[in-house]
Amino acid sequence: MARRLRPVGLGFVETAPVRLVFAREISAAPDPVFRALAEDVPGWTAWFSAVTSARSIGEGAGREIRLRGGTRFVETVLTAERPEVYAYRVDVTNAPGARALVEEWRLTPAGDGTRVRWTFAADGTAPFRFVLNRARPGLGRAFRDAVTSLDRRLTRP
């Protein structure tokens with residue numbers, strides 16, 4: 001059953017009870033990475049294997065995401081500052097125990113490429129927070145695999 005989460009702002013990325021932060025350098029430049037994150041929302045299915053469906057809603061003000069396993073999110077874009085940051089809040093989900101969730105993608109130049117930092121900030125019931133902290137290694141692998149795949153997609157001839 002889907003339920004509405006607490007509407008938090010971008011500052012939640014720094015204050016959330018659970019903050020999972022992952023970073024990786026890739027060879028693609030920041031602008032194409034930003035474009036892939038913020039403008040080609042349906043393209044997420046081509047490089048983020050956990051995402052089975054992704055579409056913009058509300059003329060780009062939000063997103064509807066479906067993950068492998070059946071988890072669904074309806075999100076509001078909090079900021080899209082080219083080419084530095086893209087962040088969104090989950091408003092509605094069927095993930096049990098979630099109360100608030102924000103994801104932030106920060107892009108910084110790294111030589112000719114980009115340092116991609118993904119922060120997954122969340123609050124929820126005690127079991128939700130416990131499971132999320134235990135899932136850190138798996139989320140880290142999913143992030144590394146996704147940005148590696150995105151880099152290949154953006155830099156192939």
Side-chain angles (χ1 to χ4, degrees), residues 2-28 30 33-38 40-41 43-54 56 62-110 113-154:
R3 69 193 161 287
R4 184 159 293 282
L5 302 188
R6 187 171 78 242
V8 293
L10 193 53
F12 186 71
V13 168
E14 300 301 326
T15 63
V18 177
R19 294 179 68 250
L20 306 178
V21 181
F22 307 98
R24 186 173 191 101
E25 288 187 13
I26 60 175
S27 57
V33 175
F34 181 86
R35 209 171 21 252
L37 290 170
D40 184 18
V41 173
W44 281 57
T45 60
W47 58 269
F48 207 128
S49 65
V51 177
T52 61
S53 172
S56 291
R63 304 167 5 132
E64 186 176 83
I65 305 293
R66 292 179 185 265
L67 301 180
R68 203 170 352 122
T71 303
R72 297 182 316 268
F73 301 110
V74 176
E75 304 167 338
T76 295
V77 174
L78 298 174
T79 190
E81 298 174 23
R82 175 183 240 104
E84 299 163 354
V85 62
Y86 180 60
Y88 42 88
R89 169 187 69 224
V90 174
D91 295 318
V92 177
T93 186
N94 63 343
R99 292 189 181 138
L101 192 129
V102 171
E103 294 182 44
E104 177 191 72
W105 296 79
R106 284 225 171 249
L107 311 175
T108 53
T114 304
R115 182 175 188 268
V116 180
R117 187 182 77 195
W118 177 47
T119 302
F120 189 92
D123 189 16
T125 62
F128 174 82
R129 292 190 316 265
F130 176 79
V131 167
L132 196 52
N133 277 313
R134 299 287 292 196
R136 180 185 300 266
L139 287 170
R141 273 190 305 282
F143 167 77
R144 283 189 306 279
D145 291 350
V147 294
T148 298
S149 179
L150 176 60
D151 194 35
R152 277 195 301 268
R153 180 176 165 91
L154 295 176

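Not measured: the values here are computed from a predicted model. The basis for the numbers below is simple: all heavy atoms, side chains too, and nothing from hydrogens, waters or symmetry mates.
- Arg106 meets the salt bridge (Lys or Arg N to Asp or Glu O under 4.0 Å) test with Glu104; sequence neighbours excluded.
- Taking Glu25 as the reference, nothing meets the salt bridge (Lys or Arg N to Asp or Glu O under 4.0 Å) condition, with sequence neighbours excluded.
- Between Arg35 and Arg82, some side-chain heavy-atom pair lies under the 4.5 Å cut-off.
- When all heavy atoms of Asp151 and Ser27 are compared, the closest pair comes out as OD2-OG, 3.0 Å.
- Legend: residues meeting ring pair (Phe, Tyr, Trp, His ring centres under 6.0 Å) with Trp47, ordered by chain and number and at least two apart, are Trp44.
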TODO: Report the C-alpha distance between Tyr86 and Val77 in whole Å, list the side-chain angles of each, state the deciding distance to 0.1 Å, and finish with yes or no for side-chain contact (heavy atoms from CB on, under 4.5 Å).
DONE: CA-CA 8 Å; Tyr86 180 60; Val77 174; 3.7 Å; yes
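- We find the CD1-CZ distance between Ile26 and Arg152 to be 11.0 Å, quoted to the nearest 0.5 Å.
- Scored by the side-chain contact (heavy atoms from CB on, under 4.5 Å) test, Thr93 finds Leu5, Thr71, Phe73, Val90, Ala95, Ala98 as partners (sequence neighbours excluded).
- Nearest heavy atoms, Leu101 versus Ala122: CD1-CB, 4.0 Å.
- A search for side-chain contact (heavy atoms from CB on, under 4.5 Å) contacts involving Ala23 returns Arg115, Arg117, not counting sequence neighbours.
- Partners of Thr125 under the side-chain hydrogen bond (donor to acceptor under 3.5 Å, both in side chains) rule, at least two apart in sequence or in another chain, do not exist in this structure.
- A salt bridge (charged side-chain N to carboxylate O under 4.0 Å, His left out) check over residues 2-14, counting only residues at least two apart or in different chains, returns the pairs Arg6-Asp123, Glu14-Arg19.
- For the pair Leu132/Phe120, a side-chain contact is recorded, criterion being any heavy-atom separation below 4.5 Å from C-beta on.
- Here the closest non-hydrogen pair linking Leu10 and Ala87 is CD1-CB, 3.5 Å.
- Using a 4.5 Å heavy-atom cutoff, the side chains of Trp105 and Val147 are in contact.
- Taking every heavy atom of both residues into account, Leu107 and Pro30 meet most closely at CD1-O, 3.8 Å.
- Under the side-chain contact (heavy atoms from CB on, under 4.5 Å) criterion, Ser53 pairs with Arg66, sequence neighbours left out.
- Here the CG atom belonging to Leu78 is positioned 11.0 Å from the CZ atom belonging to Phe12, to the nearest 0.5 angstrom.
- A search for salt bridge (Lys or Arg N to Asp or Glu O under 4.0 Å) contacts involving Arg153 returns Asp40, not counting sequence neighbours.
- Phe34 pairs by the ring pair (Phe, Tyr, Trp, His ring centres under 6.0 Å) definition with nothing, not counting sequence neighbours.
- Judged as a side-chain hydrogen bond (donor to acceptor under 3.5 Å, both in side chains), and not counting sequence neighbours, the contacts of Thr79 are Glu81.
- Every pair tested for side-chain hydrogen bond (donor to acceptor under 3.5 Å, both in side chains) that includes a residue from residues 127-147 fails, sequence neighbours excluded, so the list is empty.
- Minimum heavy-atom separation, Gly9 to Val102: O-CG2, 4.0 Å.
- Taking all atoms of both residues into account, the shortest heavy-atom contact from Ala54 to Thr45 is N-CG2, 4.1 Å.
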- [ ] List the steps, then state whether side-chain contact (heavy atoms from CB on, under 4.5 Å) holds for Val51 with Leu67.
- [x] CA-CA 5 Å; Val51 177; Leu67 301 180; 3.9 Å; yes
